[in-house]
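This report refers to the structure that appears directly beneath it.
Numbering of ligands and ligand atoms starts at 1, following listing order.
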Amino acid sequence: MVLRQELLVGFFLLSFCLPGSCNLVLDVQHKFKGREKTPNELRSHDVRRHGRLLSIVDLELGGNGHPAETGLFFARIGLGTPPNDYYVQVDTGSDVLWVNCMGCSNCPEKSDIGVELRLFDPKGSSTAKFITCDQSSCSAMYGGGTIRDCKPDMLCKYTIIYGDGSATSGDFVKDYIHLQQAVGNHQTTVTNGSIEFGCAAKQSGELGTSSEALDGIIGFGQANSSIISQLAASGKVKKIFAHCLDSVSGGGIFAIGDVVEPTVKTTPVIPHQVHYNVVLNGVKVGETTLDLPVGLFETEYRREAIIDSGTTLAYLPGHIYHPLMQKILGAQPGLKLHTVDHQFTCFKYDENVDDGFPLVTLLFVESLILIVYPHEYLFQIRDDMWCVGWQNSGTQSRDGREVTLLGDLVLQNKFIYYNLENQTIGWIEYNCTSGIKLREEKSGKIYTVGAHRLSSAASIIEIGRLLPLLLAFTLFFIQ
Ligand SMILES: *[C@@H]1O[C@H](CO)[C@@H](O)[C@H](O)[C@H]1NC(C)=O
Ligand SMILES: *[C@@H]1O[C@H](CO)[C@@H](O)[C@H](O)[C@H]1NC(C)=O
Ligand SMILES: *[C@@H]1O[C@H](CO)[C@@H](O)[C@H](O)[C@H]1NC(C)=O
Ligand SMILES: *[C@@H]1O[C@H](CO)[C@@H](O)[C@H](O)[C@H]1NC(C)=O
């Protein structure tokens, strides 16, 4: 994927920059420019701003990370006036919110996940407005610069291609998003904000099939086009959020705001990257540190790991994957291995996997570690049949790129904290049913936000229908 990505990036850089990769010069008009302002006017402007400043947002979650079940986590959001509910996959690996729109071609009509799908109807929302390509908000979605071949009245178009080759395209629309704002412990009220998002006119690949279909994807990436960046730019929230994805009961916590509990150790986010990349220093299996080839960790490029809630499994470069698998499977030399769905290494095992297989520990800079238990990296497809969740990124990605991509398989049952104000990410093992505490910026009050579990269909475990790997991290973003 990266080879293709880089070629396209190079090509498109001629006309505009990728989100997050270059500076945007926005033509901002000051509201009070060119006329006298009365102190009263200024004050009421400030009061209004402060009145809505920096709230805590509690996003309701559903789904689970099991490859043989839903394989993803989703949230409920409200859009439009009057507001309607939409179910969107939460994805820290991409930068745009889009939902399926009325008249869309190849959009799924029903979902095996057990949620009611709904098409967004721009004509049915009194506040929806399409954006044209000559508007500054269109170029802002593209990280600044002018849009190629833009003619007046042409809509601001988007196309996003995800890591599994699936794609969505349509037009950007501006409308209200309705979210739950924390106003007490486990208490919320509806808050809104005006945002820009994609109104999908066409889907291809996995996005058009019904098995894991949702209304769309909400990108929580760091580019200016993501919802967190848009809400932060309008003073609604701080650029800090956290999640706890519960693979035991499903759902979990997803909150925007300044978390005070639990506290975590953090590692820096590598700057100037499209995704949340952190530096991986090493890998341990049980007590053994993997003997990785010399030179593997020499360049920053090779050491990067992408943190991505929109990917189900965890992908490692061949140099890490092969010795890791050898150690894991070597713990039980008698195993008879089968390949399921041409892609998963599976075996029969009828004892407790946590007793029979080693822990995997990922080591990051500033001594942050991430422990993955056997019951997390192994998943069950039948009573006694287990499959390994670790994947070789070289053979799985479309262009053979050797990335380290850490999806729900390793992120689940942990509190994961993204502080974009300080460019750090951290985590700690956590029981997602416990709730977390956040501080409201304006009042200094501390509120508990608990777990949610939006209902979804009962688990369907069928061999031969394992989740096709939705790698929901954006590859590129083309006009
Ligand atoms: C993103 O937004 C910030 C603040 O609004 C601005 O300073 C920055 O230049 C923007 N970056 C890009 C790449 O558009
Ligand atoms: C947004 O919220 C404010 C304050 O609650 C409310 O007055 C306004 O009507 C809402 N706007 C929309 C479009 O829902
Ligand atoms: C960022 O880090 C500084 C220094 O450690 C700290 O004082 C500040 O509170 C942090 N800001 C946020 C938003 O976490
Ligand atoms: C998490 O906490 C809940 C409620 O306190 C408890 O029932 C559950 O067993 C805990 N889960 C784990 C994995 O410890």
Legend entry - Val248 touching ligand 4 at heavy-atom level, < 4.0 angstrom: no
Legend entry - Ser229-Ser226 side chain donor-acceptor pair, cut-off 3.5 Å: yes
Inset, instruction - Take the SG atom of Cys104, take the SG atom of Cys101, and say whether they are under 2.5 Å apart. - result: no
Legend entry - Enumerated ligand 4 atoms positioned under 4.0 Å from heavy atoms of Thr433: 1 (C), 2 (O), 3 (C), 4 (C)
Legend entry - Residue His178 vicinity, atoms of ligand 2 by number, heavy atom under 4.0 Å: 14 (O)
Legend entry - Distance-only polar pair, side chains of Tyr418 and His243, donor-acceptor under 3.5 Å: yes
Inset, instruction - Would you mind listing which atoms of ligand 2 come within a distance below 4.0 Å of any non-hydrogen atom of Thr81? - result: 13 (C)
Inset, instruction - Decide, yes or no, whether a salt bridge links Lys238 with Glu441 under the criterion of side-chain N to carboxylate O below 4.0 Å. - result: yes
Legend entry - Separation of SG atoms, Cys244 and Cys432, below 2.5 Å: yes
Legend entry - Proximal protein residues to ligand 3, non-hydrogen atoms under 4.0 angstrom: Lys238, Ile240, Asn419, Glu421, Asn422
Legend entry - Residue pair Glu429 / Asn413, side-chain donor-acceptor N/O under 3.5 Å: no
Less than 3.5 Å apart, which donor and acceptor atoms pair up between the side chains of residues 174-181 and the rest of the protein, not counting sequence neighbours?
{"from": "Asp175", "atom 1": "OD1", "to": "Thr127", "atom 2": "OG1", "distance (Å)": "2.5"}
{"from": "Asp175", "atom 1": "OD2", "to": "Ser125", "atom 2": "OG", "distance (Å)": "2.6"}
{"from": "His178", "atom 1": "NE2", "to": "Gly80", "atom 2": "O", "distance (Å)": "2.9"}
{"from": "Gln180", "atom 1": "OE1", "to": "Thr188", "atom 2": "OG1", "distance (Å)": "2.9"}

Inset, instruction - Please determine if Asn192 has a nitrogen or oxygen closer than 3.5 Å to a nitrogen or oxygen of ligand 2. - result: yes
Legend entry - Distance-only donor-acceptor check, side chains Thr263 and Tyr417, under 3.5 Å: no
